[in-house]
Amino acid sequence: MTDQQIDYSGELRRFAIFQGLQPEQLRAIPVSKPPPVRPGLTLFKQGEFIQRLYFVLEGEVELVRTNERGQPVLRRVVGPGQVLGRLEMDVPEGQLGTARTLSTTQLLYIDRSVLQRLRNTVPVLANQLDRSEVIGHLRATPYFATLTDDEVRWLSDIVNTYDPEPGAVIFRRGDGADSAYIIRQGRVRLERGDTGKPAWLSAGAVFGARSVVENRFRQSNAIAETRCHLFVLPAEDLRAVIQNYPQSAWTTEPTATARALANVPLFSQLKREDLLQLAGDAMQLHFRQSHRIIVRQGQKDNYLYLLVRGRVMALTVDKNGVPGSPQYVAPGEAFGDASLLLGEAAAATVETLSPTDWIRIHRQDFALFLKDNPALFDRLTMTPELRQRYLDSLPRHSWQLEGESMLLQTRRHWVVLARNLSSIAIIFVLLLALDWIVDRVIGSPPLWLQALFVLAIPLPVALWLITDYLNDYYIVTSRRVARRDKVILVSEKLNSAPLDKVQEVRTDRGFIAQVFGYGHLVTATAGTWGEIRFEFAPHPDKFVSLIRAESTRAKIAAVPENQESIRRQLQDRLHLGLEERVDRRALIDDMTPASAATSRPHRFLLRALRGLEYEADDRLVWRKHWLGLVYRLTPPVLITLLLAVLVALGLGYAFSGNATYNPLAYALVIAMLVLLGGSAFWVWWVWTDWTNDLYIVTDQFIEHIEKRPLFLDERTEVTSYERVQNVTFAKPNPLAYIFNFGHVVIQTAAENGAIVFRFAPQPETIQNQILRRLEHYAEAQAALRRKESQSDMADWFEAYATLTSEDYRSVATQRG
């Protein structure tokens with residue numbers, strides 16, 4: 001039997017790199033298991049290219065890196081459950097050190113080509129094998145700014161990932177210091193024993209390193225306040241690296257975040273405890289290379305930037321394209337207040353002139369900070385104009401998404417209200433005239449009776465018309481165009497379409513409309529019912545220009561991200577140094593709704609009646625609203641109860657001592673028993689039919705399932721997000737308005753035109769979840785297209801670099 005045919009899944013399961021793979025996936029991996037290796041044998045040398053990865057089952061292997069003079073500068077011992085040669089998976093630049101067995105060692109070999117193929121097909125394995133992300137995040141961590149690129153690579157091969165859930169205790173006071181932690185994303189609270197006051201850390205921070213460097217017990221408790229992505233660095237490996245830098249202060253963080261934030265004018269009135277908490281939403285960054293563009297003038301941004309150290313230049317260009325004199329940003333200066341609060345475009349292009357350290361706060365993270373501390377908004381230092389604009393940008397409606405700003409909200413033109421009230425005014429005048437005639441013919445009735453006669457009809461109707469007019473809006477936000485029609489306690493409807501789905505905008509303005517300054521506007525998508533009509537819209541040209549401007553802005557905003565991604569790929573493929581990798585936010589994006597509290601389907605009656613059940617991170621499932629179930633269950637339940645009472649009375653009489661034998665009575669009891677069984681079956685049928693009908697929303701598709709009991713009939717509608725054009729919800733009647741249910745219509749570009757969620761609970765929530773996932777899907781598809789395009793470009797540059805290399809030219813010369 002060959003090595004490939006032997007089942008090594010048990011041995012592979014001992015390695016963290018294979019955690020998450022199924023047994024059948026492990027059994028399919030071709031593995032070689034040679035005889036145990038004697039002590040002192042060299043597995044590979046520093047700088048050597050290897051075609052396999054080494055997995056240590058037993059024994060120890062020493063990995064040593066030497067400098068140009070042959071002196072050891074880095075050393076680590078690789079033991080059971082660890083891997084050698086993983087860095088070769090990313091860039092074939094040769095090994096960072098020489099590996100030599102310290103004792104009799106049992107190894108497993110897996111060819112590099114096999115793991116590369118698995119990495120492309122198994123996402124879990126890709127995250128473990130791909131060290132480029134880890135390398136990039138370590139390179140962007142200010143704590144490791146003094147390390148060389150090779151030392152960062154060395155650390156990246158050692159660190160493990162750890163994703164604690166909110167509330168998890170990472171370590172406790174008095175524990176041994178066996179590792180240091182690097183925060184990739186999330187917020188960690190440190191409870192220090194010496195001060196008793198908590199401190200907060202977020203992305204880019206390192207904690208637990210002081211205890212490691214000083215080789216002492218933990219002095220604080222570390223608790224994950226949110227979901228976190230952490231890198232765990234073993235203590236002995238951190239000590240081995242930093243011993244080459246005795247002059248550096250490795251026992252402290254290079255960035256005192258809370259102290260630095262106190263110098264930002266926007267936060268100058270916040271107290272120290274407020275700044276300590278804000279530090280938990282701020283990201284620390286290090287950019288090693290010069291001439292890196294931080295922001296570009298005129299392009300939308302979402303960050304406040306604070307320069308901690310380094311040299312930075314800011315350059316502005318006027319509307320005629322004439323550049324102004326360069327300005328220099330000094331350490332301690334901040335910029336981007338309007339971007340942090342409003343997501344506005346950058347006022348200048350900012351470029352680094354040397355290695356720099358930054359503190360960066362994302363708009364969404366800051367919004368969460370203000371949500372948790374609403375009283376602090378009044379203590380922010382800003383101009384009255386900026387404060388008012390921020391207040392105007394806050395969500396005004398429950399259906400608005402996080403970060404969705406209101407750009408334009410207006411009612412129908414006043415001529416609509418005037419037209420509607422004119423008929424009431426005519427009725428009012430006629431009633432006044434009638435009251436005058438009555439007064440002249442039969443005399444004056446009491447004043448209260450005259451007022452009641454004249455106002456009883458016109459006044460309530462006028463108030464109703466005014467309220468109805470005030471509740472209807474035409475809306476343009478930073479993400480969509482929408483029309484809301486609402487009648488208090490009667491009905492509500494929101495018809496909306498994402499801005500990028502709008503294919504056509506039409507306006508119609510007759511002579512009267514031009515005189516009074518209104519028009520009829522139609523926005524059309526590819527959906528069958530994809531039109532949103534703005535009738536009697538005031539200043540329709542303003543709507544048109546705003547929609548076009550926002551669509552153009554969205555396209556321009558993708559340019560810097562595209563340029564950044566191209567630069568990253570070229571650096572990776574052409575080995576032009578390490579590229580820093582930073583996440584968009586300090587905290588982890590979480591689309592889980594607060595109402596989704598369980599991870600398994602509801603099986604119990606009361607829990608199932610809630611309507612929403614949460615099954616997985618990317619899957620939300622709703623049933624129809626419970627009121628529809630009650631409506632359908634009422635007849636069979638009443639009939640069942642009535643029959644149960646009659647059967648009980650009949651049986652009681654039949655088995656009593658006074659009963660006389662009557663065949664007709666017994667036959668009637670039997671018939672009622674049969675009917676009781678039928679009505680009970682009816683109840684079961686209605687309940688099962690209700691539980692079988694599901695509305696499902698995931699990250700990839702939207703699904704509507706209607707399934708009859710007993711496998712009689714099943715109908716499934718599925719659509720992907722690329723077909724979705726707009727999403728509308730409606731609460732069609734007073735019951736729907738009061739009990740918060742309605743219909744959600746997902747307009748698609750398919751032939752059937754739409755998927756309809758009828759009697760859906762919390763229709764605003766369903767609409768928001770669909771629109772949020774629609775945005776994420778569009779972003780992911782755009783990123784995929786950019787990646788494919790950029791990969792082609794990188795292939796061309798890589799081929800060019802190969803053709804122009806000295807080694808290639810020398811070989812070509814010899815062949816010639």
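The first residue in the sequence is number 1, and the count goes up from there. Reckoned from all heavy atoms, side chains included, excluding hydrogens, waters and symmetry mates.
A 6.0 Å sphere centred on CD1 of I457 holds no more than 12 heavy atoms belonging to other residues, nucleotides or ligands. Heavy-atom neighbours of F681 CZ from other residues, nucleotides or ligands within 6.0 Å: above the threshold of 12. Other residues, nucleotides and ligands place no more than 12 heavy atoms under 6.0 Å from the CZ atom of R533. At most 12 non-hydrogen atoms from other residues, nucleotides or ligands lie less than 6.0 angstrom from CZ of R758. When the shell of 6.0 Å around CZ of R419 is examined, it contains more than 12 heavy atoms from other residues, nucleotides or ligands. Around CZ of F759, the count of heavy atoms belonging to other residues, nucleotides or ligands within 6.0 Å does not exceed 12.
Within the 4.5 Å cutoff, the side chain of V522 has no heavy atoms near those of the E504 side chain. Side chains of N495 and N726 form a contact here, defined as non-hydrogen atoms less than 4.5 Å apart. You'll find the side chain of L368 stays beyond 4.5 Å of the side chain of D281, heavy atoms only. In this structure, the side chains of R773 and L620 come closer than 4.5 Å at one or more pairs of heavy atoms. The shortest distance between side-chain heavy atoms of L341 and F366 falls below 4.5 Å. Contact annotation: the side chain of T728 never approaches that of Q767 to less than 4.5 Å [non-hydrogen atoms, C-beta and beyond]. Here the side chains of H776 and D699 are not in contact, with every heavy-atom distance at 4.5 Å or above. In this structure, the side chains of V481 and F534 come closer than 4.5 Å at one or more pairs of heavy atoms.
Remark: side-chain polar atoms of R411 are paired, donor with acceptor, to backbone N or O of L470 under 3.5 angstrom. Not one N or O on the side chain of H413 forms a donor-acceptor pair closer than 3.5 Å with the backbone of A537. Side-chain atoms of Q185 come within 3.5 Å of backbone atoms of R585 as a donor-acceptor pair (strictly under, hydrogens ignored). Looking only at distances, no side-chain donor or acceptor of Y518 sits under 3.5 Å from a matching main-chain atom of R412. Remark: the backbone N or O of N420 is paired with a side-chain donor or acceptor of S423 at under 3.5 angstrom. A distance-only check finds a donor-acceptor pair linking the side chain of Y474 to the backbone of E535 [under 3.5 Å].
Between W687 and W684, the gap from one ring centroid to the other reaches at least 6.0 Å. Taking the six-membered ring for Trp and the full ring otherwise, F729 and H743 have centroids separated by 6.0 Å or more.
For the residue pair Y695 and R623, no side-chain donor N or O sits within less than 3.5 Å of a side-chain acceptor on the partner.
Nearest heavy-atom pair across V727 and V724 is CG2-CG1, 4.1 Å. The minimum heavy-atom distance between W622 and P761, with the atom names listed, is CD1-CG, 3.8 Å. Of all heavy-atom pairs between P732 and G742, the closest is CD-CA, 4.2 Å. Considering every non-hydrogen atom in both Y721 and T698, the closest pair reads OH-O, 2.6 Å. Residue R187 comes nearest to L587 through the heavy atom pair NH2-CD1, 3.6 Å, listed as atom of the first residue, atom of the second, then distance. Taking both residues in full, the closest heavy atoms of I424 and A462 are given as CG2-CB, 4.2 Å, listed atom of the first, atom of the second, then distance.
Expressed to the nearest 0.5 Å, how far CG of L673 lies from CG of L646 amounts to 11.0 Å. Rounding to the nearest 0.5 Å places OH of Y631 at 16.0 Å from NE2 of H625. In this structure, the separation between CD on Q747 and CD on Q725 is 9.0 Å, given to the nearest 0.5 Å. Atom CG of L407 sits about 11.0 Å away from atom CD1 of I475, to the nearest 0.5 Å. With values rounded to the nearest 0.5 angstrom, L643 atom CG is found 5.0 Å from S679 atom OG. For the atom pair I702 CD1 and Q769 CD, the distance stands at 11.0 Å (nearest 0.5 Å).
Salt bridge status for E531 with R506: present, with a side-chain N to carboxylate O gap under 4.0 Å. Using a cutoff of 4.0 Å between basic side-chain nitrogens and carboxylate oxygens, R483 and D485 are scored as salt-bridged.
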* Stepwise salt bridge (Lys or Arg N to Asp or Glu O under 4.0 Å) check, R227 with D163 -> CA-CA 7 Å; R227 288 176 54 214; D163 298 335; over 6 Å; no
* F741 vs K731, side chain to side chain contact (heavy atoms under 4.5 Å, CB included): CA-CA, chis, key distance, verdict -> CA-CA 6 Å; F741 70 89; K731 300 176 184 178; over 6 Å; no
* To do: Please step through side chain to side chain contact (heavy atoms under 4.5 Å, CB included) for the pair E714 and T716, ending with a clear verdict.
  => CA-CA 7 Å; E714 181 175 352; T716 302; 3.9 Å; yes
* Passes side chain to side chain contact (heavy atoms under 4.5 Å, CB included), F428 versus L459? Steps please. -> CA-CA 9 Å; F428 177 70; L459 183 60; over 6 Å; no
* To do: Would you sort out whether E706 and D713 count as a side chain to side chain contact (heavy atoms under 4.5 Å, CB included), showing the intermediate values?
  => CA-CA 8 Å; E706 288 193 358; D713 185 26; over 6 Å; no
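Exactly one of K624, K707, R632 qualifies for a salt bridge (charged side-chain N to carboxylate O under 4.0 Å, His left out) with D689. That residue is R632.
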